[in-house]
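Only heavy atoms go into these numbers, but all of them, side chains included; no hydrogens, no water, no symmetry mates. Reminder, nothing fancy here: chain letters follow the sequence lines and each chain counts from 1.
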Amino acid sequence: MVEEMPSQYDPAAAQARWYPQWVERGYFGADAGSDKPPFCIVLPPPNITGRLHMGHALNHTIQDILIRRKRMQGYEALWVPGTDHAGIATQVVVERALREEGIDRREMGREAFVERVWAWKERFGGEIVEQVKALGASCDWSRERFTMDEGLSQAVRVAFVRLYEAGLIYRGERLVNWCPTDHTGLSDSEVEHEDVDGELVTFKYPLADGSGDIEVATTRLETMLGDTGIAVNPKDERYASWVGKTVRHPFDDREIPIVADESVDMEFGTGAVKVTPAHDPNDWEIAERTGLPHINIFDANATLNDEVPQEFSGLERYVARERVREALAEKGLIVAEERPYRHAVGHCYRCRSEVEPWIAGKQWFVAVDELKGPAREAVKDGRIRFTPPRWARAYDTWMEGLRDWNISRQLWWGHRIPVWYCPEQHETPATQDPTACAECGSTDIVQDEDVLDTWFSSQLWPFSTLGWPEATQDLKSFYPTSVMVTAYDIIYLWVARMIMSGLFLVDGDETRTGDTIPFEQVVIHGIVRDEHGRKMSKSLGNVIDPLDMIERYGADALRFSLARMASPDQQNLPQSEASIEAGRNFANKLWNAARLVLRSGGVPELPPAEHRSVLERWLLSRHQACVDAVNDALDADEYAEASQALYRFVWSEFCDWGLELAKGRLYEGTDEEKAATANTFAWALERTLRLLHPVMPFVTEEIWQRFGRGDSIVVAAWPESAPELADEDAEREFGAVQDIVTDIRQLQAGIPTELSKNVTLAEDLRPAAEPWLSEVQRLTGAEVAFAQLEGVRVDVRISDGTDVGPILRRLEKKLAEVDGKLGRKRAKLANEGFLAKALPEVIAKEQRSVDELDEEAGRIRAQLGRLGG
RNA sequence: GGGCGCGUAGCUCAGCGGGAGAGCGCUCGCCUCACACGCGAGAGGUCGCAGGUUCAAAUCCUGCCGCGCCCACCA
């Protein structure tokens, strides 16, 4: 068995060996009929267009840690995987591919195009799934779903119809956020505002009666072609007499009225605003209130249409801006131009084009007013818990200001809106394709051309994946789900909507009893950045590809590095290749520790307490501390803390001190000693493997198998606290030995190696050191003797003429440091306020500390004296 | 204009009321029979700045400076 263990761990081999077996043996499959308590996570579905990036890797690692631990703790653990059809993103990708073949989607027609996207999905949509598997994610692949598969599409229809019937979905003609590149409307959440260096141009409209001019300002000059009014604040005395008059449009002679509206800020600019109802959301609202008409001046490409004077018609929006400027200047109407003028401009979250407020025909909206109350309440009253909790407030603030949600998308790829219209324009929403109008019975009906926002189906994910609207056993057993793990950037886009729809829709489901929140906890993690905190992007060339890292360092190395930085308080998580390398080194360290233990014949059996040596008792005590640290950290969702505790225990304690001191017994001890030590180390190691398994599943399985404990570590029991292993006496005794070894090493470090082989220890140390003499000698490479030493603990025989300068300097520096501390602490102990108010144990601790420092200072002085300093 | 997060060793971060820590990098010494993806020893920090609370502040409070993010209809 030992021969099978080369000195370097091979992650690729372990990954290839174990993942398929885990799946095949059904470890990841959950049983809805189980008696075990349920624990369920649904995976935030990656887009089918995607390739796994570090954000996914982090997100999936956290979930796998949670799920694997719960599975080991005896829960019926279910992790539901799946993918998202990602409407715009996917349509754009396929369109681009078609364009490269010289095909325009409009030429091929809707049906053929959609077929083409499906074909593309079949071919590439599976790639991301393979990548999730490569990471080691323990998802139940038998339950894998896709937002456009049959069941989920039915869920979308049922959701739509139920909301419609409740009056929470309506159709209306409104201004929408239009992407002129992707040719679709967007919800407010899909628009990202970015500051740009633009311009603020002030120009004047002459009053129609020739009595003067009114000045207005704009950052988008071209929109003045669609102006249908000028608004001033009704309280603004400067303009009181102007309201009701008209101005003359300089290019087409239209007369447009001056109106009063309270939304106008008197302080800004001239206090008069041009109103372009068809191309600005505020102006739209002003027009609604004041009855101004709207003129749509753009076509779908944001190019000027025929509603504008011919000289401008056909111009692209930015060109038009310049032409309008020139034309106004010619007429002497430009008053001022401020440039650069920094202001926010909305961009499409997919293609970065500037979004155009535009009337895109009738659109469907979700009315949120009734939905948001219960959704806010569920978080406020703690039924849904955010980790870290501060995100609950961000959620609530956002919910408070939430406005109706535009769900119509002028795309072909997605769930087609399940509403049919007859020639009378009656609406027939239906979960099954209807054959006639529900209102007038006409059989001449056509389905709405638009599809639904991708997020409309995503919001159903926690229950649609479990079978909703069918009353499935999965839904009964696993809903509400336990935890939703996601990055903070989609709390609004996604998390909030899942809560609203879960509460409303699942509640409306007569098969449900109990709470209908979609999840009990939301774990929010940060966003992965590069090692300098910058966003990873192709253009910066700082992208670290997780698959590349898995290939070069192993999935465990990547997972460990991610877990180690996943502190929930941190919004930006910097990642470097070096940290992944550190993860690989850690896996290798563990591997080699196991090699030594296994080579020594260790089997994971604990000798009876009375037969344990101090070394063994020390190891078990430290191991117990590690178990507690890991459990406490994981219970608090502190993955970084848990990983750190494991790293420290394995490397610094188990290996650097434990195994190093065990070598004597392992190599040269009696058979009983050898067996007791090897078995104790094997026992602690085997338990540590289980603790580490959720973070590093592959290397732990690979080693665990060699202990021959059963079928798989995946289904092994989780190590819970064993307080009886804590052993203060052993830690104290062992600590004394550590101190002696460290003292010797420090002394040796300043001396040429060949001169540091003969070490003398003070007689005082004999009781502590003698039982460990061979270990101390092994660790220091020195011959150790005892003698009466004046004031010092350790001495080393050096010949005359050896340069002791470096040692002296170090000792002097150390002395200064110790004296400094000593001074501060003595002052503290002399302080009456401290003595009066500090806790007694704090005072006692300070006193002990002073005693120790005092002794240390004495030793250093003595040492300096001996060396002639 | 509001809100949130962050400023601690060269880099990336942990610590969040009583002795300044880790990883990487750097220096020195070691191919010591688990591991050079390793072992040992070091150098390196007025804990952003200024006040305040406290016997005691990197840690709590206030203000300021700097960086990042989110939200908001100021044309």
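- Distance CG (A:D743) to P (B:rG42): 10 Å, rounded to an integer number of Å.
- The backbone N or O of A:Y647 lies less than 3.5 Å from no partner atom in the side chain of A:R564, so there is not a single donor-acceptor pair.
- Nucleic acid contact for A:W284: none, since no nucleic acid atom lies under 4.0 Å from a heavy atom of the residue.
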Polar pairs (N or O, both sides) under 3.5 Å between protein and nucleotides 16-23 of chain B?
{"from": "B:rG18", "atom 1": "O2'", "to": "A:K828", "atom 2": "NZ", "distance (Å)": "3.1"}
{"from": "B:rG18", "atom 1": "O2'", "to": "A:E846", "atom 2": "OE2", "distance (Å)": "3.1"}
{"from": "B:rG19", "atom 1": "OP1", "to": "A:E846", "atom 2": "OE2", "distance (Å)": "3.4"}
{"from": "B:rG19", "atom 1": "N2", "to": "A:S849", "atom 2": "OG", "distance (Å)": "3.3"}

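- Contact annotation for A:Y341: backbone-only contact, meaning every heavy-atom pair under 4.0 Å involves sugar-phosphate atoms and none involves a base.
- Judged by the 6.0 Å distance and 45° axis criteria, A:R220 is not positioned over the aromatic ring of A:W358.
- You'll find that the side chain of A:R810 is closest to B:rG42, out of B:rG42, B:rC35, B:rC33.
- Using a 4.5 Å heavy-atom cutoff, the side chains of A:L590 and A:L689 are in contact.
- Checking A:K274 against A:T223 by side-chain atom types alone, a donor-acceptor pair falls below 3.5 Å.
- Nucleotide B:rG66 has B:rC6 as its partner under the Watson-Crick or G-U criteria, with both atom distances under 3.5 Å.
- A donor and an acceptor atom sit less than 3.5 Å apart, one in the side chain of A:R584 and one in the base of B:rC37.
- Residue A:K813 is in sugar-phosphate contact alone, with no base atom involved, counting any heavy-atom pair closer than 4.0 Å across all strands shown.
- Spacing between atom CD of A:E531 and atom C1' of B:rC24 amounts to 10 Å, rounded to whole angstrom units.
- Checked against B:rC37, B:rA75, B:rC73, the side chain of A:K274 finds its nearest nucleotide in B:rA75.
- Using the Watson-Crick or G-U wobble rule with both distances under 3.5 Å, B:rU32 pairs with nothing in any strand shown.
- For the P atom pair drawn from B:rU59 and B:rG1, the interatomic distance equals 28 Å after rounding to whole Å.
- Distance from the side chain of A:S7 is smallest for B:rC35 among the nucleotides B:rG44, B:rG40, B:rC35.
- Proximity of A:Y639 to A:L634: side-chain heavy atoms (C-beta onward) are separated by under 4.5 Å at one or more points.
- A:A394 comes within 4.0 angstrom of no nucleic acid atom, judged by non-hydrogen atoms across all strands.
- Taking atom CD1 of A:I580 as the reference point, atom P of B:rU12 lies 17 Å away to the nearest angstrom.
- Between A:V201 and the choices A:E337, A:M224, A:E338, A:R321, the side chain to side chain contact (heavy atoms under 4.5 Å, CB included) rule is met once, by A:E337.
- For B:rC47, there is no paired base (Watson-Crick or G-U wobble, both distances below 3.5 Å).
- If you measure from atom CG of A:L402 to atom P of B:rC70, you get 18 Å, rounded to the nearest angstrom.
- In this structure, A:E668 places its CD atom where more than 12 heavy-atom neighbours from other residues, nucleotides or ligands lie under 6.0 Å away.
- For CZ of A:R289, the number of neighbouring non-hydrogen atoms (other residues, nucleotides, ligands) closer than 6.0 Å is greater than 12.
- Contact check, A:W391 against B:rG3: no side-chain N or O comes under 4.0 Å of OP1 or OP2.
- Here B:rG2 presents its C1' atom at 11 Å from CZ of A:R393, a figure rounded to the nearest Å.
- Taking atom C1' on both B:rC67 and B:rC31, the two are 46 Å apart, rounded to the nearest angstrom.
- Rounded to the nearest Å, the gap between the P atom of B:rC26 and that of B:rG10 is 15 Å.
- Atoms CZ (A:R745) and C1' (B:rC30) sit 12 Å apart, rounded to a whole Å.
- For the pair A:W651 CH2 and B:rC37 C1', the computed distance is 7 Å after rounding to whole Å.
- Between A:Y488 and the phosphate of B:rC4, there is no side-chain N or O to OP1/OP2 separation shorter than 4.0 Å.
- In the displayed structure, A:E841 atom CD is contacted under 6.0 Å by more than 12 heavy atoms of other residues, nucleotides or ligands.
- The phosphate of B:rG42 has OP1 or OP2 within less than 4.0 Å of a side-chain N or O from A:Q746.
- Both A:Y9 and A:A749 sit near RNA chain B, but only A:Y9 has its closest nucleotide nearer the 5' end.
- A pairwise comparison of heavy atoms in A:P357 and A:D280 identifies CB-N, 4.0 Å as the closest pair.
- At the phosphate of B:rC39, OP1 or OP2 sits under 4.0 Å from a side-chain N or O atom of A:K589.
- When each of A:F560, A:Y553, A:W591 is paired with A:F586, the ring-ring contact (aromatic ring centres under 6.0 Å, His included) condition holds for A:F560 and for no other.
- Distance noted for atom C1' between B:rC73 and B:rA14: 43 Å (whole Å).
- Between A:M266 and A:G401, the one whose closest nucleotide on RNA chain B sits nearer the 5' end is A:G401.
- For A:P574, whose side chain is taken as the heavy atoms from C-beta onward, the closest listed nucleotide among B:rU12, B:rC35, B:rA41 is B:rU12.
- Atoms CZ (A:R778) and P (B:rC39) sit 17 Å apart, rounded to a whole Å.
- In this structure, B:rA58 makes no Watson-Crick or G-U wobble pair, since no nucleotide meets both defining distances under 3.5 angstrom.
- Across B:rG15 and B:rU53, the matching C1' atoms stand 22 Å from one another, rounded to whole Å.
- For A:N585, counting side-chain heavy atoms from C-beta on, the closest listed nucleotide (B:rG38, B:rG3, B:rA75) is B:rG38.
- A distance of about 14 Å separates the P atoms of B:rG40 and B:rA36, rounded to the whole Å.
- A gap of 8 Å separates the P atoms of B:rA9 and B:rG48, to the nearest Å.
- A:Y492 comes within 4.0 angstrom of the backbone, heavy atoms only, and of no base.
- One P atom belongs to B:rA72, the other to B:rA58, and the distance between them is 40 Å to the nearest Å.
- Nucleic acid contact class of A:D265 (heavy atoms, under 4.0 Å, all strands): base.
- Base-pair partner of B:rU27: B:rA41 (Watson-Crick or G-U wobble, both distances under 3.5 Å).
- Using a 4.0 Å heavy-atom cutoff across all strands shown, A:D656 reaches sugar-phosphate atoms only and no base atom.
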